[in-house]
Amino acid sequence: MKQSVCSYCGVGCKFEIKDGKLKALKSYPTNLGMSCAKGMSLSQSIDINRLDGVESRDSIQDEFKPSSYDEAISHIASCIKQTTPKKVGFYLSGQMLNEDYYVANKLAKGFVGTPNCDTNSRTCMASAVVGYKKSFGVDYVPVRMQDIDKANLLILIGANPAESHVVLFNRIKKAQKQGLKVVVIDPRETLTSLKADLHLAIKPNSDIELLNLLAKRLIEDGCVDSEFISKHSDGYKEYKKQILNLDSDKLLEATTLSQDEFEEFVSLWKSSPNIITAWTMGVNQSSQGVDKNLAINNLHIITGQIAKEGSGPFSLTGQPNAMGGREVGGLSTTLAVHLDYTPESIQKVSKFWQTSKLPSGVGLTAFEMIQEAYNGNIDVLIVSHTDPLYHLPNQNFIKKALSRIGLIVELNSYDNSQTSHYAHIRIGVKAFGEKEGTQTNLDRTLTRVEAFRDSNLPQEWEVFSDIAKALGYKEYFGYQSSQDVFEEYQLMCKLSYKQHLDIYKADYQKLKDEPFVWGEGLFDDVKFLTPNQKAKLHFVNNKHLSEKSDSSYPFVLLTGRIRDQWHSGSKTRHIPSLLKHKELEFVELNPKDAKELCVSEGDEVYIVSKRDKIKATVKLTNIKEKTIFVPISHLQINSLTPSIIDEVSKEPDYNHSAVYIAKSEELEA
Ligand code: SF4
């Protein structure tokens, strides 16, 4: 029987397929027989709105006309040849399989010679990648889902797994029955916070103050792990000095929490032998996403809550294969297989790919690529399986930037992306159910993806190989199957630092039935991958870099997922049963704010930022006052969000836009 893995969130639920219907696999460790409504709907959505051929046009003012695949490939190759490598961009996606990522990365960096190969995962977990590398020397998630069963305390900060990682949340609820305590740190009351033992509804963007306040208190009360600190950490003396210099009253005041709430948090931490902190976009998508990650890692280092069962800092990747993209090298800030752009790595990769065209340094990140397009510095952009116009911030700016690119090529299975309005060539590719390969979930588990129906369309790696062949590199891209690609990728993993990316030990055929978890036990002997093998402490403080609210724009806008929709909803918004849980375009508002604004549940309002305005329906919830939430199922949400990005990770700040709310009739008058 064919088996496949869900192409929505990072949990990576595995299904078996019988007569085209999906059934969650009981024996599989990622989901243990569980699944959510989104995942179960996958087989119904395969045929909805398919992009099932190739079409092209000379200008975005023209209509698309059917085109031949060969002509399209030859035109793309010719446009790449006519420009310089730095003016070519590859915009990839956490929904691509490892094999698709591998060939795209090899083509872009190895043979086109452009470092501008990034992924939409930049907007999702780039801050966590940088945080892990700075603290532990490697992009390695040191916690598995099963660790939750061994933990005594789970802190969920900026995460709402009840809606974003449903099956993981079911696992958390089961662990709660066995005694796990859960603290949720979130300005919103969410389906997750309602099940928590303690909900800390902090002021938006005061995470660093709360985490530093906790660190200060633990140091003052002697509740740190002195042996771990002296043997396995670096920088404690300076970190301690800076933390102890902070004013506790001011930190608490910044969070808006009461002393009692904070004391309960401290008491839970002190009484818990094993602690996991898990987070998603509420932490990562920030002007200081890296600093927030470091503040979390610091706490785990000073208390020795890492490198042992049931503990550690646990970044939850949002997309199904965001982790795989990181491993392969889909981020423009890495070269390949976790290697940075060092002279030694460039030499190793050049030899492995037999090329002399590798760029010498990091490339443009997702948002930077579009900014450079605005400046006229991108001539060719290949967008694979994602929709930058929908998901990048400051949508009106993105529109202008995309319209300045000479050739935009879109590879997609579905034909309703917003970016398609700016594309010149669109190539339909295989969808879930038709693809073959592997993907890596949020806890490093590699799973085989099997096709259970036929399609004449190419898979992304085939398109990238064909472009390479048209550029004259046939001998380097002669793959006949996803297995061929995977096996070359496995060999390349041997180049990784200390061969920690041990994917070369997996067996493609066996992956059908057994998962492979890479890097198991990497920190078991408490040796990290920093040069001195110690975890590095980095003091951080809140620099208030996000857009500031004021009397004209008094509300802070937060964004995020809702349970039954997947991002723009190319598939999920067309399944009637998935529309029952929540509306697609609502705004959560506190009843006190609603009263001041004279609006009620169900009213239509405008949300206005300095960049644009959108309409949404009021939903009264216990969200923090002067804070609102609009789900990303609202397709215009990013016309409101600002161009601010984290200076280090380059991840956009989707969770702190200053806005005001106006009644519809006021703005329409
Ligand atoms: S969306 Fe996530 S939790 Fe739901 S079935 Fe898919 S992988 Fe599992």
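Read the numbers this way: they start at 1 and go in the same order the structure lists the ligands and their atoms. Being a predicted model, the structure only gives us computed values, none of them experimental.
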When you compare the side chain of His338 with that of Glu327, does any pair of heavy atoms fall below 4.5 Å? yes
Just checking, any donor-acceptor pair under 3.5 angstrom between side chains of Gln439 and Asn98? no
Side chain to side chain contact (heavy atoms under 4.5 Å, CB included) partners for Pro29, two or more places apart: Pro515
For Lys195, enumerate each residue passing the side chain to side chain contact (heavy atoms under 4.5 Å, CB included) test, keeping only those at least two apart in sequence or located in another chain. Phe169, Lys173, Gln176
Using the test side chain to side chain contact (heavy atoms under 4.5 Å, CB included), find all partners of Thr572 that sit at least two apart in sequence or belong to another chain. Tyr8, Lys38, Gln565, Trp566, Leu578
Under 6.0 Å between the ring centres of Tyr140 and Phe523? yes
Take atom 2 (Fe) of ligand 1 and tell me which protein N, O or S atoms are nearer than 2.8 Å. Cys9 SG
